[in-house]
2 protein chains.
Amino acid sequence: MDKYVKILKDNNIKVTPQRLEVLRYLDDNKAHPNVEKIYSELKKKNPSLSKTTVYNTLDSLKEHGLVQVLTISPTESIFDSVISPHHHFLCKICGAVIDIEIECPYIEDILKGGHRIDEVHGYFKGTCEECLNKKEAQ
Amino acid sequence: MDKYVKILKDNNIKVTPQRLEVLRYLDDNKAHPNVEKIYSELKKKNPSLSKTTVYNTLDSLKEHGLVQVLTISPTESIFDSVISPHHHFLCKICGAVIDIEIECPYIEDILKGGHRIDEVHGYFKGTCEECLNKKEAQ
DNA sequence: TTATCATCTTGTATTAATTACAAAGTGGTA
DNA sequence: TACCACTTTGTAATTAATACAAGATGATAA
């Protein structure tokens, strides 16, 4: 059985071509796409694709814990199919979102508190190495 | 000299009644308001206040490091006049944003990396204690 | 104190991400 | 193969945020 068909079936999500394509896209593209990017790329192969379908599919995947939704950008949601705990850096110049491979060491302490924690997000914002170099070159 | 007048002058921000009121509101209200909340509260005393002015003022304060802008909510920016490093919890049921008094221990390591870090955000999302209790009571 | 000018405030219009919704289409099951 | 619930599509509506122009105001210098 196809890898992505299995993922959907294992999560009781009805299998449709659109969902398979979104899942495949996220798995193949770890560069933290936004909805517009996912939509415009998939529309190339399937011109009748609706943006609403992309939103609906991403909602389903999120509800089942198959994608993370990052709120690191103040203007749009960013999607990450890597579920393992890691943090992110946002370059405020070029907009790139870059993985930072660290994990919050306080999770155990916080889980002991009164709130129920479902998501942990570590965001760093600034200027990425590449943009710093470009600025120096000027 | 008034406390808020001094803050603005020290930061080379021209003193206006609107800016003083926004500054005072943020200092008096540590409950992490959004723009709508700040605007609607201040409009009570100053009915001619424009939302654009609130946006402009918050931008100035942010540029001068006098407020933090939190992107913990997927739909809107949240403002925090407490600049000291601390993290935040978002209740996905009631929308409350609650301070978590811990500080990222990795900052030194990350600052040694190639990117320039200007902001550090630690966000936890889930269900707050109060909403958990309400759910149990049902 | 007053004139001046740059800056600020206001209100409206616009942009852009997201959500709502209804009609047509499709996947899974009996 | 027929059925039904769910999905997809396209359009309309919502909402946060931004752009912009005209009028108002704060700081400075004469």
Side-chain angles (χ1 to χ4, degrees), chain A residues 1-2 4-23 25 32-40 42-43 45-64 67 69-79 90 92 95 97, chain B residues 1-2 4-23 25 32-40 42-43 45-64 67 69-79 90 92 95 97:
Chain A
M1 194 192 300
D2 178 83
Y4 303 109
V5 171
K6 178 165 167 43
I7 292 174
L8 292 179
K9 289 199 168 176
D10 285 351
N11 283 276
N12 284 315
I13 303 173
K14 198 175 276 187
V15 177
T16 68
Q18 292 87 346
R19 287 171 176 170
L20 290 172
E21 285 306 312
V22 171
L23 206 48
Y25 183 83
H32 310 102
N34 59 15
V35 173
E36 178 58 34
K37 177 73 176 172
I38 299 168
Y39 170 68
S40 61
L42 295 182
K43 201 173 175 65
K45 285 189 181 173
N46 174 9
S48 75
L49 179 67
S50 165
K51 196 178 274 189
T52 301
T53 298
V54 177
Y55 273 104
N56 289 341
T57 298
L58 291 170
D59 275 350
S60 284
L61 299 180
K62 176 191 168 191
E63 290 312 310
H64 289 83
V67 298
V69 182
L70 308 183
T71 60
I72 194 170
S73 159
T75 59
E76 63 190 357
S77 291
I78 297 287
F79 293 84
L90 170 71
K92 292 193 279 187
V97 174
Chain B
M1 193 192 301
D2 177 82
Y4 303 110
V5 171
K6 177 164 167 45
I7 293 174
L8 292 180
K9 288 198 169 175
D10 285 352
N11 283 275
N12 284 314
I13 303 175
K14 198 174 277 189
V15 178
T16 69
Q18 292 86 346
R19 286 171 176 170
L20 289 172
E21 285 306 313
V22 170
L23 206 48
Y25 182 83
H32 310 102
N34 58 17
V35 173
E36 179 58 33
K37 177 74 176 169
I38 299 168
Y39 169 68
S40 60
L42 296 182
K43 201 173 175 67
K45 286 189 181 172
N46 174 9
S48 75
L49 179 67
S50 165
K51 195 176 275 189
T52 301
T53 299
V54 176
Y55 274 105
N56 288 342
T57 298
L58 291 169
D59 275 350
S60 285
L61 299 179
K62 176 190 167 191
E63 290 311 311
H64 290 83
V67 298
V69 182
L70 308 183
T71 60
I72 193 170
S73 158
T75 58
E76 63 190 358
S77 291
I78 299 286
F79 293 83
L90 169 71
K92 291 192 279 186
V97 175

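The chains referred to below are lettered A, B, ... by the order of the sequence lines, with proteins before strands, and numbering in each begins at 1.
Contact between the side-chain N/O atoms of Thr16(A) and the OP1/OP2 oxygens of dT7(D) is not found at any separation under 4.0 Å. When the side-chain nitrogen and oxygen atoms of Thr53(A) are compared with OP1 and OP2 of dT7(D), none of them lie within a distance under 4.0 Å. In terms of phosphate contacts, Ser77(A) brings a side-chain nitrogen or oxygen within less than 4.0 Å of OP1 or OP2 of dT18(C). The phosphate of dG10(D) (OP1 or OP2) has no side-chain N or O of Ser50(A) nearer than 4.0 angstrom. Residue Arg19(A) places no side-chain N or O under 4.0 Å from the OP1 or OP2 atom of dG27(C). Residue Gln18(B) has no polar side-chain atom (N or O) positioned under 4.0 Å from OP1 or OP2 of dT25(D). Between Thr75(A) and dA17(C), a side-chain N or O to OP1/OP2 separation shorter than 4.0 Å is absent.
The distance from atom CG of Leu20(A) to atom P of dT26(C) is 16 Å, rounded to the nearest whole Å. For Asn46(A) and dG25(C), the CG to P distance is 15 Å, given to the nearest whole Å. Separating the CG atom of Leu58(B) from the C1' atom of dT9(C) is a distance of 14 Å, rounded to the nearest angstrom. One can place CD of Glu36(B) at 16 Å from P of dT14(D), the figure rounded to the nearest angstrom. Computed from coordinates, the Glu63(A) CD to dC6(D) P distance equals 16 Å when rounded to whole Å. Ile38(A) has its CD1 atom 10 Å from the P atom of dT18(C), to the nearest Å. The CG atom of Asn34(B) sits 10 Å away from the C1' atom of dA16(D) (whole-angstrom rounding). Atom NZ of Lys37(A) and atom P of dA16(C) are 18 Å apart (whole Å).
Both Lys43(B) and Ile13(B) sit near DNA chain C, but only Ile13(B) has its closest nucleotide nearer the 5' end. Of the two residues contacting DNA chain C, namely Asn56(B) and Glu76(A), the nearest-nucleotide position lying further toward the 5' end is that of Asn56(B). The 5' end of DNA chain D is approached more closely, in terms of each residue's nearest nucleotide, by Thr52(B) than by the other of Pro17(B) and Thr52(B).
Atom NZ of Lys43(B) has more than 12 neighbouring heavy atoms from other residues, nucleotides or ligands inside a 6.0 Å radius. Heavy-atom contacts from other residues, nucleotides or ligands closer than 6.0 Å to NZ of Lys37(A) number 12 or fewer.
In this structure, of dA17(D), dC6(D), dT8(D), it is dA17(D) that holds the atom nearest to the side chain of Tyr55(B). Distances were taken from every side-chain heavy atom of Lys51(A) (C-beta onward) to each of dT7(C), dT18(C), dT9(D); the shortest belongs to dT18(C). The listed nucleotides are dA17(D), dT8(D), dA27(D); the one nearest the side chain of Thr57(A) is dT8(D).
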Notebook entry, point to check: Should Phe79(B) and Leu58(B) be marked as a side-chain contact (heavy atoms from CB on, under 4.5 Å) after you check the CA-CA gap, both sets of side-chain angles, and the distance that decides it?
Noted result: CA-CA 8 Å; Phe79(B) 293 83; Leu58(B) 291 169; 3.7 Å; yes
Next item on the list: Please test Leu20(A) against Thr16(A) for side-chain contact (heavy atoms from CB on, under 4.5 Å), starting from the C-alpha separation and ending with a verdict.
Entry: CA-CA 6 Å; Leu20(A) 290 172; Thr16(A) 68; over 6 Å; no
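Judged by distance alone, the side chain of Thr57(B) and the main-chain N or O of Thr53(B) form a donor-acceptor pair under 3.5 Å.
When Asp59(A), Leu8(A), Asn11(A) are each tested for a side chain to side chain contact (heavy atoms under 4.5 Å, CB included) with His64(A), only one passes: Asn11(A).
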